[in-house]
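Side chains are part of it too, since the values below use all heavy atoms of this structure and drop only hydrogens, waters and symmetry mates. Reminder, nothing fancy here: chain letters follow the sequence lines and each chain counts from 1.
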Amino acid sequence: MKALVFLEHHGDELEKGGLGVLSKAASLGEAAGVVLGPGAGALAARAGAFGAAKAYACEDEALSAPLPQPRVDALATLVEKTGTDAVLFAASVLAADVAAGLAARLDAGLNWDLTDLVLSDGDLVGKRPALGDTVLVDVGWTSSPRLALVRAGAFDPVESGGSAEVEEFEASFSDFSTLATLVEQTQEEASGPSIEDADIIVAGGRGLGSPEAFSLLEELAGALGGAVAATRAVVDAGWYPYSTQVGQTGKTVSPKLYVACGISGAIQHKVGMQGSGTIVAINKDPNAPIFDFCDLGVVGDLHQIVPKLTELVRSRQ
Amino acid sequence: MKIAVCVKQVPDATVHKRIDPATKRLDRSGEGALNPTDLNAVEEALRIKEAQGGEVVLVSLGPEKAAESLRKALAMGADRAVLVTDEAAAGSDLLGTSSALASALERVEADLVLFGQASSDGDGAVLWAAVADRLRRPLISQVASLTVDGDSVTGKRQTEHGYDLISAPLPAVIAVSDAINEPRYPSLKGIMGAKSKPQETIALADLGVDAEHAGEAGAKTTVLDLGPPPSRGDQVRVEDDGSAAQKILDYVLERRLL
């Protein structure tokens, strides 16, 4: 299988999600990466270390803002040029729009929210947990190219130490694709590791009782070397910034350890964190749904337990 | 200002959702409801109409009984509804759905097309981008606040890294996030009035959409198999008697997570 992987970048870093998908694609066959925007050439060269034999770059100024429609044009050009079997994306706000736009443009099938990709008799098959992860669906495609959006954090980037041959290409843009323009960009800078990159996440929900209680979680996260995340309810209430929101309307995370404090485990939150390696839940309500999908469930008062845990972790160091 | 809002009927939240093993499609036979995050798109359309005048048209694709769910949005204040319903559209994937909707939207000739955040059943959050490409119109998605000013629209888009302020000329396609507003409840007067609002039902042929490009026939994706989800393994449950913090630490140390 010959796959093209869309490598999203932020500043001068390639996103981890795309590199993970690239490593996976390389394990299934021939993988190429594509980076779009000014500076793409230098970034594309880094794809080789994650299994790409080839990396494509388009440096057109029309691709400088992180907008989806010019990227659809560029990818459509590249797919036509290279005749790839599959175009793979790590899910993000931008990538979802690019993938769906490309599907319409190429009349190509798109499967989304995949947690795994396998080959069955040489054909690509995606694994998709559906209906709140109550069922695992095997999905396929009836024609080429096969388009796929992979759930965030499904694959870890694997450094293979190879190098990629970089090829720059020109794209032509549709009249409507460049009509939307970026006016202004506001970055939310959080201290410590971002929740997408953290191996350990300490997350808080309404059970914290007050915005001040987030300081308990920050201390625990600090001691563990992790990041703090929040549920939609508390972000909506203004207790914590949107950039830390985990769930359907926030980020999808998959740390090695997720400590859920005062989180009931509503489906809207569950879909954003169920890919975590180990889930520890602390909640006063023994009937909270989170106890159905955690590994260690602690029924108790987080205001007592979290500071004690922080002390215990600190005393080990 | 003519505003089209794309809405969908989904299984009601109280219905146990299941996939029919025979058709490998979602069982839609139970009670239906308007997709919750579509209400934010309806609300935003009504606010724009209230400020600037115009018409709010609901556009939907679904079975005939979806008309009941559309009535809720009419009761909120939308002016009329267009439901594309056709046996041949059943089992449509993104391609069939987006082409049927795009054709219906072309007929409506709206200045602004609004979508909600994601459907509670398909959960793709991808439809608008495919529709925008088919309509050849600019797109702004994940919009947390929206201003419509004369012949342009500006949306504040939530991303993983913060906010992007994006502007586009009309006509445009906008997908709103559920953070954009708090949808209103229909008033009694609205509910009574909804019954007499125009609800048009059209077939794929009326839109010039070929049946072979819709439904399962036109789908380029397929469901191969259904299975149980991977299990999380054995669960441990602890009631805090003062030693829970120690137990948590022991648990994570045992699994070499620190």
Side-chain angles (χ1 to χ4, degrees), chain A residues 10 66 68-69 72 92-93 96-97 99-101 103-105 107-113 125 129 131 133-143 174 176 179-188 242-243 248-249 251 256-257 278 280 293-300 305 308-309 312-313, chain B residues 17 19 93-95 98 117-118 123-127 129-130 132-134 136-142 154 158-169 177-179 219-230 232 235-240 244-246 248-249 251-252 255 257-258:
Chain A
H10 183 65
Q69 290 174 305
V72 173
S92 74
V93 169
D97 285 356
R105 186 74 62 87
D107 202 31
L110 170 65
N111 281 306
W112 54 82
D113 205 21
V125 172
L131 303 182
D133 287 9
T134 53
V135 55
L136 186 68
V137 184
D138 282 4
V139 292
W141 292 258
T142 58
S143 70
S174 312
F176 68 95
L179 291 177
T181 52
L182 181 69
V183 180
E184 189 185 83
Q185 210 165 19
T186 320
Q187 309 280 344
E188 279 186 347
Y242 174 72
S243 61
Q248 201 161 29
T249 54
K251 291 172 187 171
K256 294 195 177 79
L257 174 63
T278 297
V280 174
F293 57 92
C294 67
D295 300 290
L296 173 64
V298 178
V299 183
I305 297 167
K308 266 192 219 166
L309 182 56
L312 289 170
V313 174
Chain B
K17 289 200 273 281
I19 295 178
D93 70 354
L94 174 68
L95 297 175
S98 61
Q117 175 136 5
D123 206 18
V126 288
L127 185 56
D133 198 78
R134 294 201 190 279
R136 303 180 62 83
R137 288 190 186 173
L139 162 74
I140 315 176
S141 69
Q142 200 68 26
T154 303
Q158 294 173 322
T159 75
E160 290 84 357
H161 305 288
Y163 293 97
D164 294 344
L165 200 62
I166 299 166
S167 193
S177 114
D178 64 350
K220 298 282 177 75
T221 54
T222 169
V223 172
L224 303 169
D225 203 6
L226 302 171
R232 285 208 75 86
Q235 284 189 321
V236 181
R237 182 80 170 242
V238 174
E239 306 272 340
D240 185 26
Q246 186 64 51
I248 294 171
L249 184 64
Y251 186 89
V252 299
R255 280 159 188 77
L257 295 168
L258 290 187

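- Distance CZ/B:R255 to CG/A:D295: 7.5 Å, rounded to 0.5 Å.
- Taking chain B as the reference chain and counting heavy-atom pairs below 4.5 Å, the highest number among A:V72, A:T181, A:V313 is found for A:T181.
- Between A:S143 and B:K220, the closest heavy-atom pair is OG-CD, 3.1 Å.
- Contact tally against chain A (heavy-atom pairs below 4.5 Å) for B:L226, B:L139, B:V223, B:L94: the top residue is B:L139.
- When heavy atoms are compared at a cutoff of 4.5 Å, A:K256 approaches chain B by way of both its backbone and its side chain.
- Across every non-hydrogen atom of A:T142 and B:A219, the tightest pair is OG1-O, 3.4 Å.
- Looking only at heavy-atom pairs under 4.5 Å with chain B, the residue among A:G140, A:G300, A:A180, A:A108 that has the most is A:G140.
- With chain A as partner, the option from B:V252, B:L249, B:T154 having the largest number of non-hydrogen pairs under 4.5 angstrom is B:L249.
- Residues passing the salt bridge (Lys or Arg N to Asp or Glu O under 4.0 Å) test with B:R134, sequence neighbours excluded: none.
- B:Q235 places no side-chain N or O within 3.5 Å of a backbone atom of A:G297 that could act as its donor or acceptor partner.
- Residue B:D164 comes nearest to A:P66 through the heavy atom pair OD2-CG, 3.7 Å, listed as atom of the first residue, atom of the second, then distance.
- Between A:F176 and B:R137, the shortest heavy-atom contact is CD1-N, 3.7 Å.
- Interface remark: A:V137 contributes backbone and side-chain atoms alike to the contact with chain B (heavy atom separation under 4.5 Å).
- A pairwise comparison of heavy atoms in B:A244 and A:V298 identifies CB-CG1, 3.6 Å as the closest pair.
- Under the 4.5 Å side-chain criterion, counting only non-hydrogen atoms from C-beta, A:V93 is not in contact with B:Q158.
- Between chain A and the options B:D93, B:D178, B:T159, the largest number of non-hydrogen pairs under 4.5 Å is found for B:D178.
- A:E184 places no side-chain N or O within 3.5 Å of a backbone atom of B:Y163 that could act as its donor or acceptor partner.
- Considering only heavy-atom pairs separated by less than 4.5 Å from chain B, the leading option among A:L257, A:V125, A:V280, A:L309 is A:L309.
- Listed by chain and number, the residues in a salt bridge (Lys or Arg N to Asp or Glu O under 4.0 Å) with B:R136 are A:D175 (sequence neighbours excluded).
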| Going through the checks in order, is the side chain to side chain contact (heavy atoms under 4.5 Å, CB included) test met by B:I248 and A:L296? | CA-CA 8 Å; B:I248 294 171; A:L296 173 64; 4.0 Å; yes
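- For the pair A:V139/B:T221, no side-chain contact is recorded, criterion being any heavy-atom separation below 4.5 Å from C-beta on.
- Summarising the geometry of A:A96 relative to B:V126, their closest heavy-atom pair is O-CG1, 4.0 Å, with the distance given to 0.1 Å.
- Note on A:C294, A:G109, A:A100: by heavy-atom pairs under 4.5 Å with chain B, the leading option is A:A100.
- Looking at B:L95, only its side chain comes within 4.5 Å of chain A, counting heavy atoms on both sides.
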